[in-house]
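Presented below is the structure to which this report refers.
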Amino acid sequence: MDTLENVLCLQGQQKNYLVKLSDMVEICTHVSISKIPCLPPYYLGIFHYKGNILPVLQLDENVFSLTDTTILVVKNEDCYFGIQIGQEPVLENIQNMTFTTNKQEFLSDIWYIQSLYQYENKIYYFIDIEKTIQFLTSEENI
C-alpha cells in the first residue's frame, strides 16, 4: 500500500471505516433512496446517479433517512455503488494513522476489511472496495 495514500474517514454508528480516496467518485447530498423488496438487509435500495441506477449499501446496522441522505459513490474498474453515510467524511493521510493489524475478513456480511488503523483514539476498519465488489457481484450473491 502506498504510504502517502489519502483516505476518507467514515463515522458509522457503531464502527469507523476508511476508504481509499482513489476509490471515491463523488459525495452526493440530499439523495432519495428507492427501496427494492427481497434484497439482503445490507442493500438499502437504489438511487439515480447521472443517468444510471446504482445500488446503495448501508455502512453499518443503523439506517439513516431514505429521503434526504448523503451517499458516497465508490467504484472499482467499471462497477459503481453507493454507501449511505450519516456524517460528513474527513480526508486524512494514512501516514497520520497508526497501523494496527492486517484483518482480511468480511465484516457485517458485506465489507471486506483489509486492515485496521487507529486514529484519534478510534479504531478504523479499512474497506477493500475491490474485494467487496467482487463479493457483491459473485454468482452466489446475484
Side-chain angles (χ1 to χ4, degrees), residues 1-36 39-142:
M1 180 182 341
D2 184 355
T3 57
L4 301 175
E5 190 168 10
N6 288 322
V7 293
L8 283 177
C9 302
L10 307 174
Q11 305 291 322
Q13 292 291 321
Q14 298 159 348
K15 294 180 177 70
N16 302 303
Y17 301 90
L18 299 174
V19 174
K20 286 191 295 190
L21 189 61
S22 59
D23 289 334
M24 187 197 97
V25 176
E26 184 176 355
I27 297 173
C28 301
T29 58
H30 309 293
V31 172
S32 292
I33 299 171
S34 300
K35 294 286 286 175
I36 303 258
L39 287 177
Y42 45 80
Y43 281 101
L44 292 178
I46 57 173
F47 85 109
H48 294 275
Y49 176 73
K50 297 184 178 182
N52 296 301
I53 297 174
L54 299 184
V56 179
L57 308 173
Q58 64 184 37
L59 191 58
D60 57 14
E61 291 78 27
N62 291 336
V63 177
F64 304 102
S65 168
L66 296 179
T67 56
D68 187 24
T69 191
T70 302
I71 304 292
L72 171 66
V73 178
V74 296
K75 72 169 179 69
N76 181 264
E77 296 179 4
D78 61 349
C79 189
Y80 292 73
F81 68 91
I83 302 171
Q84 184 188 41
I85 54 177
Q87 297 179 25
E88 188 172 323
V90 175
L91 179 63
E92 190 56 66
N93 191 296
I94 201 92
Q95 286 184 323
N96 298 335
M97 301 180 169
T98 304
F99 175 79
T100 304
T101 185
N102 282 328
K103 189 79 169 154
Q104 306 207 353
E105 68 180 18
F106 281 99
L107 186 65
S108 304
D109 297 327
I110 179 172
W111 305 114
Y112 189 87
I113 303 303
Q114 65 185 27
S115 54
L116 299 177
Y117 283 83
Q118 184 173 358
Y119 179 66
E120 294 183 348
N121 297 321
K122 295 179 184 175
I123 297 293
Y124 284 84
Y125 294 83
F126 201 129
I127 298 173
D128 186 321
I129 296 296
E130 179 181 4
K131 289 186 178 174
T132 297
I133 287 176
Q134 287 173 358
F135 168 73
L136 291 172
T137 58
S138 67
E139 289 185 20
E140 298 88 38
N141 295 310
I142 296 179

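Hydrogens, waters and symmetry mates play no part in the numbers below; they use all other heavy atoms, side chains included.
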- Task: Rounded to the nearest 0.5 Å, what's the gap from CG on Leu54 to CD1 on Ile33? Could you check?
- Result: 11.5 Å
- Item | Closest non-hydrogen atom pair between Val73 and Cys28, with its separation | CG2-SG, 4.0 Å
- Side chain to side chain, Tyr43 and Leu136, heavy atoms closer than 4.5 Å: yes
- Message: So if I apply the side-chain hydrogen bond (donor to acceptor under 3.5 Å, both in side chains) rule between Tyr124 and each of Glu92, Gln11, Lys15, which one comes out positive?
- Response: Gln11
- From the list Leu57, Val25, Val56, Ile46, side chain to side chain contact (heavy atoms under 4.5 Å, CB included) with Phe81 holds only for Leu57
- For residues Tyr17 and Ile85, determine if any side-chain heavy atom of one lies less than 4.5 Å from a side-chain heavy atom of the other. no
- Message: Main chain of Trp111, side chain of Thr132: is a donor-acceptor contact present, judged purely on distance under 3.5 Å?
- Response: no
- Task: Might you point out which heavy atoms bring Lys75 and Ile129 nearest each other, and give the distance in Å?
- Result: O-CG2, 3.9 Å
- Item | Pair Leu21-Leu8, side chain to side chain contact (heavy atoms under 4.5 Å, CB included): steps then yes or no | CA-CA 6 Å; Leu21 189 61; Leu8 283 177; 4.2 Å; yes
- Message: Using side-chain heavy atoms (C-beta onward) and a distance below 4.5 Å, is Glu130 in contact with Tyr112?
- Response: no
- Any side-chain heavy atom of Leu72 sitting closer than 4.5 Å to one from Pro89? no
- What's the shortest heavy-atom distance between Asn93 and Gln95, and which atoms? OD1-N, 2.8 Å
- Item | Gap separating the CD atom of Gln14 from the CG atom of Leu59, nearest 0.5 angstrom | 10.0 Å
- Indicate the atoms forming the closest heavy-atom contact of Thr100 with Gln118, along with that distance. OG1-N, 3.6 Å
- Criterion side chain to side chain contact (heavy atoms under 4.5 Å, CB included) on Ile113 and Ile127, from CA distance to verdict: CA-CA 5 Å; Ile113 303 303; Ile127 298 173; 4.1 Å; yes
- Item | Gap separating the CD1 atom of Ile27 from the CD1 atom of Ile83, nearest 0.5 angstrom | 10.5 Å
- Item | Validation row: Thr98, Tyr119 side chains within 4.5 angstrom (heavy atoms) | no
- Message: Just so I know, are the side chains of Lys131 and Gln114 near enough to count as touching, which here means a heavy-atom distance under 4.5 Å?
- Response: no
- Out of curiosity, Asn6 CG to Lys20 NZ, how far, rounded to the nearest 0.5 Å? 12.5 Å
- Query: Can you check whether Asn102's main-chain N or O pairs, donor with acceptor, with Ser115's side chain at less than 3.5 Å?
  - Reply: no
- Task: Please report the closest heavy-atom contact between Lys35 and Leu44, naming both atoms and the distance.
- Result: CD-O, 3.2 Å
- Query: What is the distance from atom OG of Ser34 to atom NE2 of His48, rounded to the nearest 0.5 Å?
  - Reply: 5.5 Å
- Query: How far apart are the C-alpha atoms of Cys9 and Met97, what are their side-chain angles, what is the distance that settles it, and do they pass the side chain to side chain contact (heavy atoms under 4.5 Å, CB included) test?
  - Reply: CA-CA 11 Å; Cys9 302; Met97 301 180 169; 3.4 Å; yes
- Can you tell me how far the CD1 atom of Ile123 sits from the CG atom of Asn121, to the nearest 0.5 Å? 9.5 Å
- Message: The test is side chain to side chain contact (heavy atoms under 4.5 Å, CB included); show your working for Tyr117 and Val7 and say whether it passes.
- Response: CA-CA 11 Å; Tyr117 283 83; Val7 293; over 6 Å; no
- Using a 4.5 Å cut-off on heavy atoms from C-beta on, say whether the side chain of Glu77 contacts that of Ile133. no
- Who are the side chain to side chain donor-acceptor pair (under 3.5 Å) partners of Glu26, not counting sequence neighbours? Tyr49, Lys50
